[in-house]
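Take a look at the structure set out below.
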Amino acid sequence: MKAVLDHVGIAVRNLDEALVFFRDALGLEVDTPEDVPSQHVKTQFVPTGPASLELLEATSPESAIAKFIERRGEGLHHITLRVDDIGAALRQLRDRRVRLIDEQPRPGAEGSIIAFIHPSSAQGVLVELKQVVQAQLKLRPTDMRPKTIQLGDIEITLLSDGLFGLDGGAMFGVIPRTFWAPKAPPDEKNRIRMAMRPVLVRGARTMLVDAGAGDKMTAKQADIYRFERDFNLHHSLAAAGVSPAAIDIVLASHLHFDHAGGFTERAADGTLRPRFPRAQYIIRRGEFEDAMQPNERTKGSYFLENYKPLADSGVLQLVDDDSTIMPGVRVRRTGGHTMHHQMIVIESGGKTAVFVADLLPTAAHLPEVWIMGYDLFPLDTLNFKRAFLREAIEREYLILFEHDPDIAAGYIRERDGKRYVEPVA
Ligand SMILES: [Zn+2]
Ligand SMILES: [Zn+2]
């Protein structure tokens, strides 16, 4: 087993007092402190070359650090060794009858997995093993079951067309990987995990907003985008008790393949046809025209097979402006991502929910300048987003995130000048 010293943990009564020595007297740089509620500790890292020091202060009397200090006073608490394969390391130790505190690895900070070895097997030293997990996409299962939210007289059901992966760099534009990687851990090909969450709106009519990537992808595309669609829109609609024929309206935020791929399907004879047989498809005229004539920059996302058949079969309705689609549901152009990208505003009973599509694809895109590299007009995105976020906070809009793997819906809150998303269970 190869093991590298990652850090040395030091139990302290008070972080500020400890900094008098480590920061002020030694003159070391220190990181910002971090709360770890699950362990009842506040930690502060002091980078010291390849390995660092970790200062640990208890935040509750039940914390292991509090008990440690009570018994032995402040001092060295544990050392952490980084290994490549923590499962193999634990097996090797078990074979040699080493006493383990954790028989199985458990989640640690920043996407790592950890396990502790008992000091009685390690010359009195508490040893932590740590594995940094890169390919994280499959670690946490995404909850795909449809969830229904009642908004006044309108029922909103969050559906799923499965998961896919897009290049993390492209998803966060000019933001360096160091900043986004902890929030959206990339896999070995730098792809981050994204969901596709079309939304069903039931009010005066039954309406589907976007339809995921659909079933027409080639094996090569499925590999590039790492599609995981074992549970897809077919299953999701069935679980919500809705048949394709029950959909009256299909509304598009825009026509990129991860939103419009499910608009059409290939029949047994190979011809393309609308996937929802009774539905009228509503698309913004400018978006439709741009998508019918993709350029070198946009042709990677616009595939005619997803929307041209709608025009051919006469089920397409183009809208020119921000307008009401059905009672309580209207569209509002955001621009930015594409010139005619629009969000869907749902209002009933004095409440508002907004399906923001690619304006704010995941909760991690909350900071104003965290804008996708895919956006054709990023400064338009910035301007619209700045004003919209303010509005969403003030008016308490429920935001529906189309691509977030973990947070399907939530409120944007602001406290002490800091913004965050409060997820809705
Ligand atoms: Zn898009
Ligand atoms: Zn998208």
Side-chain angles (χ1 to χ4, degrees), residues 137 142 158-173 180 184 191-199 208-214 216-217 221-222 224-229 232-233 236 250-263 283-284 286-307 331-344 354-366 370-378 380-382 384-385 388 399-409:
L137 289 180
T142 290
L158 310 172
L159 302 171
S160 170
D161 192 44
L163 298 167
F164 71 128
L166 285 182
D167 184 84
M171 277 306 294
F172 292 101
W180 59 255
R191 293 169 298 194
I192 64 164
R193 188 176 58 159
M194 313 239 304
M196 291 176 284
R197 302 182 191 275
V199 162
L208 181 67
V209 182
D210 287 357
K216 304 187 300 298
M217 287 283 167
Q221 286 166 327
I224 292 173
Y225 296 114
R226 203 180 178 286
F227 279 106
E228 292 173 57
R229 295 182 60 259
N232 58 44
L233 189 58
S236 193
V250 177
L251 176 62
S253 64
H254 64 305
L255 292 174
H256 284 164
F257 70 81
D258 51 321
H259 302 253
F263 285 0
I283 298 172
R284 209 168 179 105
E287 177 71 15
F288 185 74
E289 285 170 356
D290 288 348
M292 286 298 285
Q293 285 170 353
N295 59 35
E296 294 87 334
R297 170 76 196 267
T298 63
K299 70 179 179 195
S301 311
Y302 282 142
F303 307 141
L304 268 67
E305 59 179 16
N306 293 335
Y307 38 82
V331 291
R332 189 167 151 194
R333 190 178 83 89
T334 72
H337 182 60
T338 68
M339 178 65 85
H340 300 277
H341 176 273
Q342 62 188 3
M343 57 187 195
I344 288 79
V354 186
F355 181 84
V356 289
D358 281 347
L359 171 69
L360 217 66
T362 74
H365 288 83
L366 185 59
W370 288 46
I371 291 171
M372 287 193 274
Y374 296 109
D375 283 20
L376 298 176
F377 309 97
D380 291 352
T381 307
L382 180 61
F384 190 93
K385 195 172 163 185
F388 175 72
I399 305 296
L400 311 180
F401 294 102
E402 189 162 12
H403 288 314
D404 196 295
D406 303 306
I407 303 177

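Quick note: numbers below take in every heavy atom, side chains included, and nothing from hydrogens, waters or symmetry partners. Remember, it's 1-based here, ligands and their atoms both numbered in the order they're listed.
Salt bridge annotation for Asp406-Arg193: present, with a cationic side-chain nitrogen under 4.0 angstrom from a carboxylate oxygen.
Rounding to 10 degrees gives 100° for the angle at the Zn ion (ligand 1) between NE2 of His254 and NE2 of His337.
For Arg333 and Gln342, the side-chain atoms include no donor-acceptor pair closer than 3.5 Å. Between the side chains of Tyr302 and Glu287, at least one donor N or O lies within less than 3.5 Å of an accepting N or O. A donor atom on one side chain and an acceptor atom on the other are found under 3.5 Å apart for His254 and His337.
Among the heteroatoms counted here (N, O or S) of Asp358, OD2 is the one nearest to the Zn ion (ligand 1). Between the Zn ion (ligand 2) and the N, O or S atoms of Asp258, the shortest distance is to OD2. The atom name of the N/O/S atom in His403 closest to the Zn ion (ligand 2) is NE2. Checked against the Zn ion (ligand 1), the N, O or S atom of His256 at the shortest distance is ND1.
Ring centroid separation for the pair His259 and His341 does not come in under the 6.0 Å cut-off. Aromatic rings from Tyr225 and Phe257 are positioned such that their centres are separated by under 6.0 Å.
In summary, Glu402 places no N/O/S atom under 2.8 Å from the Zn ion (ligand 2), failing the contact criterion. Counting backbone and side-chain atoms alike, His259 contributes an N/O/S atom closer than 2.8 Å to the Zn ion (ligand 2). The Zn ion (ligand 1) has no N, O or S atom of His341 closer than 2.8 Å.
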